[in-house]
**Student:** 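Just dropping this structure here.
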Amino acid sequence: MSKKTVFSGIQPSGVLHIGNYLGAIQNWVRMQHETENYFCVVDLHAITVRQDPAELRENTLRVAKIYLAAGLDPKACTIFIQSHVKEHPEFAWILATLTYMGELGRMTQFKDKAGTKGENVGVGLFTYPTLMAADILLYDTHLVPVGEDQKQHIELTRDLALRFNNAFGATLVVPEPVIRTVGARIMSLGDPLSKMSKSDPRPATYIALTDAPEVIRKKIARAVTDSGADIRFGPEKPAISNLLTIFHLTSGTSIPELERRYRGKGYAEFKRDLAESVIEHLRPFQERYAALDDAEVLRLLADGADRARAVAACTMHRVKERMGLVPA
Ligand code: ATP
Ligand code: LTN
């Protein structure tokens, strides 16, 4: 039986945090040997928000290094930079012609990021989901492992694939999201009601994958907690529930077991142990990250782009033919 194809991506819009890792990357690493994989650094998505050129360049390489340090095997995965494969924006245009204004206007990520900008919100932020759909559909993707916040974009991708197929005949594979049951939405350390985000201007609200142990200890010690002293998982305890989730995912100990272990103990002891669990969990990753050679990573990315381009060009050819665009 042939393997299913996986596609996912992360924007180089800041420093990656444990939310990106526990919500998305860890799943990729786990699945990689059962599937055929494309993991993309989506730089064309990052520029929907103004980026400093030097920082964008640095962050793009950093995300690729994080993929590798997290354990993605370049033999099993095609790792590449989105802007190296011109079929992504090309196909995004075609998909935009099939997308309705109403559909894009309903996207929560757009509504959040547009905020109070009114008429001055960038068009790229609005059409962003059509580029994401292009990313996914170019590779005949079956599975898209992401955090909870991306579910709506994948539903739109499915709708666009079906719409294309209905209009022009069976051409595109209709993908499915893969969202883990625990850890798909790690919350901010500063506000347990909003998700941990790498574009948050306050670095204390997220644990970056590259944070040094003393920084991790400090951030966890200062993390917001709930009223009352008991360490219990539940909707009335959003901050402690989030910390318990992180503890569970970094230590492998179940949440009920952690609740038992810290019954009658204070937040201080719980947070101290949690910090050590996170530090230990990240240690092998951080060692691998430090040992990566930039020149070698750039070579892998060039090779990845070559492989991705070959597949993407094939899909574009099929798409154009079906739509009646005359081949060059
Ligand atoms: P930004 O806040 O700058 O939009 P982000 O931190 O949300 O960025 P993305 O590049 O948008 O990061 O997301 C990369 C992947 O990480 C996606 O699969 C996304 O669903 C997942 N992800 C992002 N934040 C979290 C989180 N807090 N918990 C779990 N998964 C997350
Ligand atoms: N929109 C996603 C990043 C992203 C993506 C993709 C994820 C762009 N293209 C394709 C999965 C598949 C985000 O903001 N997290």
Side-chain angles (χ1 to χ4, degrees), residues 5-28 37-51 55-56 59-60 62-63 66-67 70 80-83 85 88-89 91-92 95 107-110 112-115 124-125 127-139 141-158 160 175-203 205-209 242 245-246 249 308 312:
T5 300
V6 166
F7 185 100
S8 200
I10 295 187
Q11 307 181 59
S13 53
V15 189
L16 266 63
H17 50 72
I18 51 165
N20 301 129
Y21 179 65
L22 301 173
I25 305 175
Q26 220 181 33
N27 249 355
W28 310 353
N37 313 283
Y38 295 87
F39 296 116
C40 188
V41 185
V42 289
D43 54 350
L44 296 174
H45 277 96
I47 58 170
T48 54
V49 171
R50 188 69 66 84
Q51 302 288 333
E55 272 177 33
L56 178 62
N59 284 335
T60 302
R62 226 187 249 157
V63 174
I66 283 174
Y67 286 0
F80 68 106
I81 297 175
Q82 186 184 31
S83 63
V85 182
H88 288 244
F91 193 28
L95 291 172
M107 296 291 124
T108 4
Q109 182 170 302
F110 170 70
D112 288 349
K113 295 208 173 181
L125 265 186
T127 58
Y128 177 115
T130 62
L131 179 57
M132 176 159 164
D135 298 340
I136 296 168
L137 299 177
L138 275 175
Y139 298 92
T141 301
H142 301 101
L143 303 172
V144 191
V146 283
E148 170 70 35
D149 61 317
Q150 295 304 312
K151 200 170 165 198
Q152 200 184 21
H153 290 157
I154 297 169
E155 268 153 24
L156 176 67
T157 304
R158 291 170 57 85
L160 291 175
E176 273 173 49
V178 179
I179 297 170
R180 61 191 307 188
T181 43
V182 183
R185 194 170 165 82
I186 299 291
M187 308 312 275
S188 157
L189 298 185
D191 169 14
L193 301 181
S194 41
K195 88 172 180 99
M196 187 176 280
S197 158
K198 64 176 133 64
S199 37
D200 193 312
R202 301 160 302 161
T205 63
Y206 56 78
I207 297 170
L209 293 174
N242 187 42
T245 302
I246 298 172
L249 292 171

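All values below were derived from every heavy atom in this structure, side-chain atoms included, with hydrogens, water molecules and symmetry-related copies excluded. FYI, the numbering just counts along the sequence from 1. Ligands are counted one by one from 1 in listed order, and the atoms in each one are counted from 1 as well. Since we're looking at a predicted model, the values are computed, not measured.
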**Student:** List the closest protein heavy-atom neighbour of atom 9 (N) of ligand 2: residue, atom name, distance to the nearest 0.1 Å.
**Tutor:** Asp135 OD2, 2.7 Å
**Student:** Taking only heavy atoms of the protein into account, state which residues are under 4.0 angstrom from an atom of ligand 1, in chain and number order.
**Tutor:** Ile10, Gln11, Ser13, His17, Gly19, Asn20, Gly23, Ala24, Lys113, Val146, Gly147, Asp149, Gln150, Gly183, Ala184, Arg185, Ile186, Lys195, Met196, Ser197, Lys198, Ser199
**Student:** To the nearest 0.1 Å, how far is atom 1 (N) of ligand 2 from its closest protein heavy atom, and which atom is that?
**Tutor:** Tyr128 OH, 2.6 Å
**Student:** Does the side chain of Val85 come within less than 4.5 Å of Tyr38's, by heavy atoms?
**Tutor:** no
**Student:** Would you name the heavy atoms of Lys198 and Tyr206 that are closest together and state the gap between them?
**Tutor:** O-CE2, 4.3 Å
**Student:** Please write down residue, atom name and distance for the protein heavy atom closest to atom 15 (N) of ligand 2.
**Tutor:** Gln150 NE2, 3.1 Å
**Student:** Residue-level breakdown please: for Leu131 versus ligand 2, do any non-hydrogen atoms fall below 4.0 Å on the side chain, on the backbone, on both, or on neither?
**Tutor:** neither
**Student:** Could you tell me whether Phe110 and His153 have their ring centroids closer than 6.0 angstrom?
**Tutor:** no
**Student:** Would Ile18 and Leu209 satisfy side chain to side chain contact (heavy atoms under 4.5 Å, CB included), going step by step from the backbone distance to the final call?
**Tutor:** CA-CA 6 Å; Ile18 51 165; Leu209 293 174; 4.0 Å; yes
**Student:** What closest approach, in Å, do Leu160 and Ala133 show between heavy atoms, and which atom pair accounts for it?
**Tutor:** CD1-CB, 3.9 Å
**Student:** Would you say the side-chain atoms of Tyr67 pair up with the backbone N or O of Cys40, donor to acceptor, closer than 3.5 Å?
**Tutor:** yes
**Student:** With heavy-atom distances below 4.0 Å as the criterion, list the atoms of ligand 2 near Gln11.
**Tutor:** 13 (C), 14 (O)
**Student:** Decide whether the shortest distance between a heavy atom of Gln109 and an atom of ligand 2 is less than 4.0 Å.
**Tutor:** yes
**Student:** I need the minimum non-hydrogen distance between Arg158 and Glu176, along with the two atoms involved.
**Tutor:** NH1-CG, 3.5 Å
**Student:** For atom 10 (C) of ligand 2, what is the closest protein heavy atom, and at what distance to 0.1 Å?
**Tutor:** Phe7 CE2, 3.5 Å
**Student:** Report yes if the side chains of Arg180 and Leu249 come closer than 4.5 Å at any heavy-atom pair, otherwise no.
**Tutor:** yes
**Student:** Under 3.5 Å between some N or O of ligand 2 and some N or O of Asp149?
**Tutor:** no
**Student:** Consider side chain to side chain contact (heavy atoms under 4.5 Å, CB included). Of Ile25, Val178, Ile179, which one does Pro145 pass it with?
**Tutor:** Val178
**Student:** Are Asn37 and Trp28 close enough, and set up right, to give a side chain to side chain contact (heavy atoms under 4.5 Å, CB included), and what steps lead you there?
**Tutor:** CA-CA 9 Å; Asn37 313 283; Trp28 310 353; over 6 Å; no
**Student:** Could you list which atoms of ligand 2 come closer than 4.0 Å to a heavy atom of Val42?
**Tutor:** 8 (C), 9 (N)
**Student:** Does ligand 2 have a heavy atom under 4.0 Å from the side chain of Val144, from its backbone, from both, or from neither?
**Tutor:** side chain
**Student:** Output the list of atoms in ligand 2 that are nearer than 4.0 Å to some heavy atom of Ser8, sorted by atom number.
**Tutor:** 11 (C), 12 (C)
**Student:** Are side-chain heavy atoms of Ile186 and His17 found at a separation under 4.5 Å?
**Tutor:** no
